2 protein chains.
Amino acid sequence: MDNFPRPPEQDADQTVRTSSERAAPGRAPGQAPLDAPAGVGDAPASIGRMPTVKRDTYTPDSLLSVAVRVFNERGYDGTSMEHLSKAAGISKSSIYHHVRGKEELLHRAISRALDSLFAVLDEPAAGEGRALARLEHVTRRTVEVLMSELPYVTLLLRVRGNTDTEVWAMGRRREFDQRVAELVKRAAADGDLRADVDARLATRLLFGMINSIAEWYRPDRAASGHGTGGGDTSAEVAEAVVRTAFAGLRTH
Amino acid sequence: MDNFPRPPEQDADQTVRTSSERAAPGRAPGQAPLDAPAGVGDAPASIGRMPTVKRDTYTPDSLLSVAVRVFNERGYDGTSMEHLSKAAGISKSSIYHHVRGKEELLHRAISRALDSLFAVLDEPAAGEGRALARLEHVTRRTVEVLMSELPYVTLLLRVRGNTDTEVWAMGRRREFDQRVAELVKRAAADGDLRADVDARLATRLLFGMINSIAEWYRPDRAASGHGTGGGDTSAEVAEAVVRTAFAGLRTH
DNA sequence: ACTGCTACCGAACGATCGGTCGGTGCAAGG
DNA sequence: CCTTGCACCGACCGATCGTTCGGTAGCAGT
């Protein structure tokens, strides 16, 4: 039991556009092209093309950011291509100009989440020093990644295994879990974790805490500083999670 | 990130029947009639009808137990009436003989979950004594209810707000959350909870831990006693959750 | 002016969706 | 034996699903 702010009440949800050039009715490409890591659908590496200036058409990645938002509001299975086209402000068939189909959008989103999460395990502080310190680092960083890549990780966490992509995602996610469970076991062997809670159970409860952040954190409400109505910076929340998980809620 | 055992690989999932009387091809009514609290679709109170002997046809509640299982495997939106009919071993149209439709099944399941959860708040130990003790009691009992009513509560936890039923469920769930949050605030005011973690955030993290149980606990694997592969009794898990949440994972 | 390409469109595809309808077999009651 | 009613069925409904197809407007390069 916990939280989540608003049920999606409105239905005519069309992303409002900021800059318009075409004469066509309101479209709304995302703001993504600047954070896109390596545009898959981009034109091959030519010289000109001035890459940073305003982009008014969709790329696979800017379309993805819209799609992921809708997926998280309605659930993947509950989202139709019609819903996506309405939210993106382009026709249903136009979506297929950018991506192969619905499942590719899911795959791209989940890949991005998994890559960010696995990158945490490759950080130096995740491999050096006492196991407890490494575990605390991974916990803190996982929280931060979850919050910075919120919509993508949220999608990953909700996967049920209905399609090939989802089965693959569940497998990769289990890999990640086991890497962290290894850390928990090692810290327990060092005598740094309480002995009366099983290591596997402890791992699950730790992840339970971390992952639940996806159910209430809303970045738009952050940095307003008044309590924890879904706001707070990711470093603050990460610190609170580490404190709560390792030191407990109770005073001594 | 955490667990969940097996992706639903098989597709020809038909509940295997134990007793057969009809000549028709394999059907499989659930084992539910004995735990049904007050059979809604049952015949009016007549005298005979010998109520306890073997029941070979579906009741709304026995059908519900099948439906909820499938809902949890494929997700509500990912489950078609065809899926349900295959799993129940009766035709699609026959389902409508017992319930009004797909959404009624969801409503019945979620009602059952919510009733069980709210009942915890009405227990004497949830209203008497120091706030911290009451909070620990509610935590322990919520874990136990979650595990005993696992499939129904799981369904509740996954609701997205797409239909009227789901919006209603989210509202009721938020009520429950706020009742518990009240307890947390009171315990914090008593000085029994650490002051450096916001009460609202603490509530969310506590629920994060509790609710995550629905993602890995599998009752069929319980009572085998070897570690925490999804087994364990609900009292054991509840105790571990209380210890971890309030005392923390770390040794002192 | 012509060509080629990108980003989009409306119309339509077969499949599947949740749900309705008119039955049918059969056990129980008279 | 005949009637009644429950539990079930196959056939079918209009709507919607994800996807495909044949365009077309507008811009860049020549």
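Computed from a predicted structure; not experimentally measured. All chains are named by letter (A, B, ...) in the order of the sequence lines, taking the proteins before the strands, and each is independently numbered beginning at 1. Note: hydrogens, waters and symmetry copies are ignored here, and every other heavy atom, side chains too, is used.
Between B:Glu215 and the options A:Arg173, A:Arg158, A:Arg204, a salt bridge (charged side-chain N to carboxylate O under 4.0 Å, His left out) holds for only A:Arg173.
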Quick tally for nucleotides 18-23 of chain C: nucleotides whose base has a protein heavy atom under 4.0 Å get B, sugar-phosphate-only ones S, the rest -, giving BBBB--

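The side chain of A:Ser94 places an N or O atom within less than 4.0 Å of a non-bridging phosphate oxygen (OP1 or OP2) of C:dC9.
Ring pair A:Phe118/A:Phe176 is perpendicular by interplanar angle, where above 60° counts as perpendicular and below 30° as parallel. By the 30° and 60° cut-offs, the orientation of the rings of B:Tyr58 relative to B:His98 is perpendicular.
Regarding B:Asn162, its CG atom lies at a distance of 15 Å from the C1' atom of C:dC17, rounded to whole Å. Residue A:His97 contributes atom NE2, which lies 5 Å from atom C1' of C:dA7 at whole-angstrom precision. With rounding to whole Å, A:Ile90 atom CD1 is found 16 Å from C:dT6 atom P. Residue A:His98 contributes atom NE2, which lies 16 Å from atom P of D:dT19 at whole-angstrom precision. Atom OH of A:Tyr58 is separated from atom P of C:dC8 by 8 Å (rounded to the nearest Å). Distance A:His107 NE2 to D:dG18 C1': 19 Å, rounded to the nearest Å. What separates CG of B:Asp56 from C1' of D:dC6 is a distance of 14 Å, to the nearest Å. What separates CZ of A:Arg74 from P of D:dC17 is a distance of 9 Å, to the nearest Å.
In this structure, the side chains of A:Thr59 and A:Ser62 come closer than 4.5 Å at one or more pairs of heavy atoms.
Because its NZ or CZ atom is not both nearer than 6.0 Å to the ring centre of B:Tyr96 and within 45° of the ring axis, B:Lys102 does not count as a cation-pi partner of that residue.
In this structure, CD on A:Glu149 lies 8.5 Å from CG on A:Leu117, to the nearest 0.5 angstrom.
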